[in-house]
Amino acid sequence: QVHLVQSGGGLVQAGGSLRLSCEASGRTFSSCTMGWFRQAPGKARMFVAAIAWSGGTTYYADSVKGRFTISRDNAKNSVSLQMASLRPEDTAVYYCAVDSGHGELHWTAAMAGSYEYWGQGTQVTVSS
């Protein structure tokens with residue numbers, strides 16, 4: 001059985017930094033696209049970032065570009081999201097996800113429906 005276990009997150013002041021991590025078990029995802037999404041209260045789940053299987057290609061939502069960095073460690077079957085210069089509007093539950101159907105970034109990388117496996121979610125709250 002596949003599990004994506006997330007860690008990190010919490011409460012931080014605006015301008016601060018946080019790191020989210022996600023470790024998979026039950027299956028190796030070293031050949032798969034991995035990504036991060038977030039969902040604010042009352043809103044749809046939104047794309048944040050994605051990374052190709054090799055880690056050589058990344059893609060970010062415009063709202064986080066230049067502030068967030070996605071990375072992966074295939075040896076640990078994990079993906080991370082380093083968040084800097086956080087803003088109150090970054091407040092949300094963050095989810096890691098795996099698209100087992102693609103290795104390189106595909107045009108569907110920003111679509112939640114392209115991802116089959118999801119982490120449990122972790123709260124990030126940015127105070128002003």
Measure the OG-CG distance between S30 and N77 for me, rounded to the nearest 0.5 Å. 7.0 Å

Just to verify, what does S128 make a side-chain contact (heavy atoms from CB on, under 4.5 Å) with, not counting sequence neighbours? P88

The complete set of salt bridge (charged side-chain N to carboxylate O under 4.0 Å, His left out) pairs with one or both residues in residues 29-44, sequence neighbours excluded, reads R38-D90

hydrophobic_cluster_shared for V98 and M46, side chain cutoff 4.5 Å: no

Contacts satisfying ring pair (Phe, Tyr, Trp, His ring centres under 6.0 Å) that involve residues 103-128 (not counting sequence neighbours) are F29-Y117, F37-Y115, F37-W118, H102-H106

Going by the rule side-chain contact (heavy atoms from CB on, under 4.5 Å), which residues pair with V124 if we only count those two or more places apart in sequence or in a different chain? L18, L20, M83, Y94, V126

Return the CD to OG distance between Q82 and S17, rounded to the nearest 0.5 Å. 6.0 Å

Identify whether V79 and V2 are in the same connected component of the hydrophobic contact network (ILVMFWY, side-chain heavy atoms under 4.5 Å). yes

Does any pair with a residue in residues 19-36 pass salt bridge (charged side-chain N to carboxylate O under 4.0 Å, His left out), and if so which ones, sequence neighbours excluded? none

For Q39, all residues meeting side-chain contact (heavy atoms from CB on, under 4.5 Å), sequence neighbours excluded: R45, Y95

Between the OG atom in S63 and the CZ atom in R87, the distance rounded to the nearest 0.5 Å is 8.0 Å

List the residues meeting side chain to side chain donor-acceptor pair (under 3.5 Å) with S114, not counting sequence neighbours, and say none if there are none. D99, T108

Taking side chain to side chain donor-acceptor pair (under 3.5 Å) as the definition, give me every residue that meets it alongside N74, ordered by chain and number, with sequence neighbours left out. R72

Nearest-0.5 Å distance, CG of residue L105 to OG1 of residue T58: 7.5 Å

Suppose the criterion is ring pair (Phe, Tyr, Trp, His ring centres under 6.0 Å): which pairs have a residue in residues 57-83, not counting sequence neighbours? F47-Y59

Hey, can you pull the donor-acceptor pairs under 3.5 Å for the side chains in residues 48-57, sequence neighbours left out?
| unit_1 | atom_1 | unit_2 | atom_2 | d |
| --- | --- | --- | --- | --- |
| W53 | NE1 | E104 | OE2 | 2.9 |
| S54 | OG | G56 | N | 3.1 |

How close do Q120 and L4 get, counting heavy atoms only, and between which atoms? OE1-O, 3.3 Å

Residues in disulfide (SG to SG under 2.5 Å) with C32, at least two apart? none

Would you give the length of the straight line joining atom CG of L81 to atom SG of C96, rounded to the nearest 0.5 angstrom? 10.0 Å

Excluding sequence neighbours, so at least two apart, what forms side-chain contact (heavy atoms from CB on, under 4.5 Å) with S127? L11, Q13

Please assess Q6 against T122 for the test side-chain hydrogen bond (donor to acceptor under 3.5 Å, both in side chains), listing each intermediate value before the final yes or no. CA-CA 7 Å; Q6 298 179 218; T122 187; 5.1 Å; no

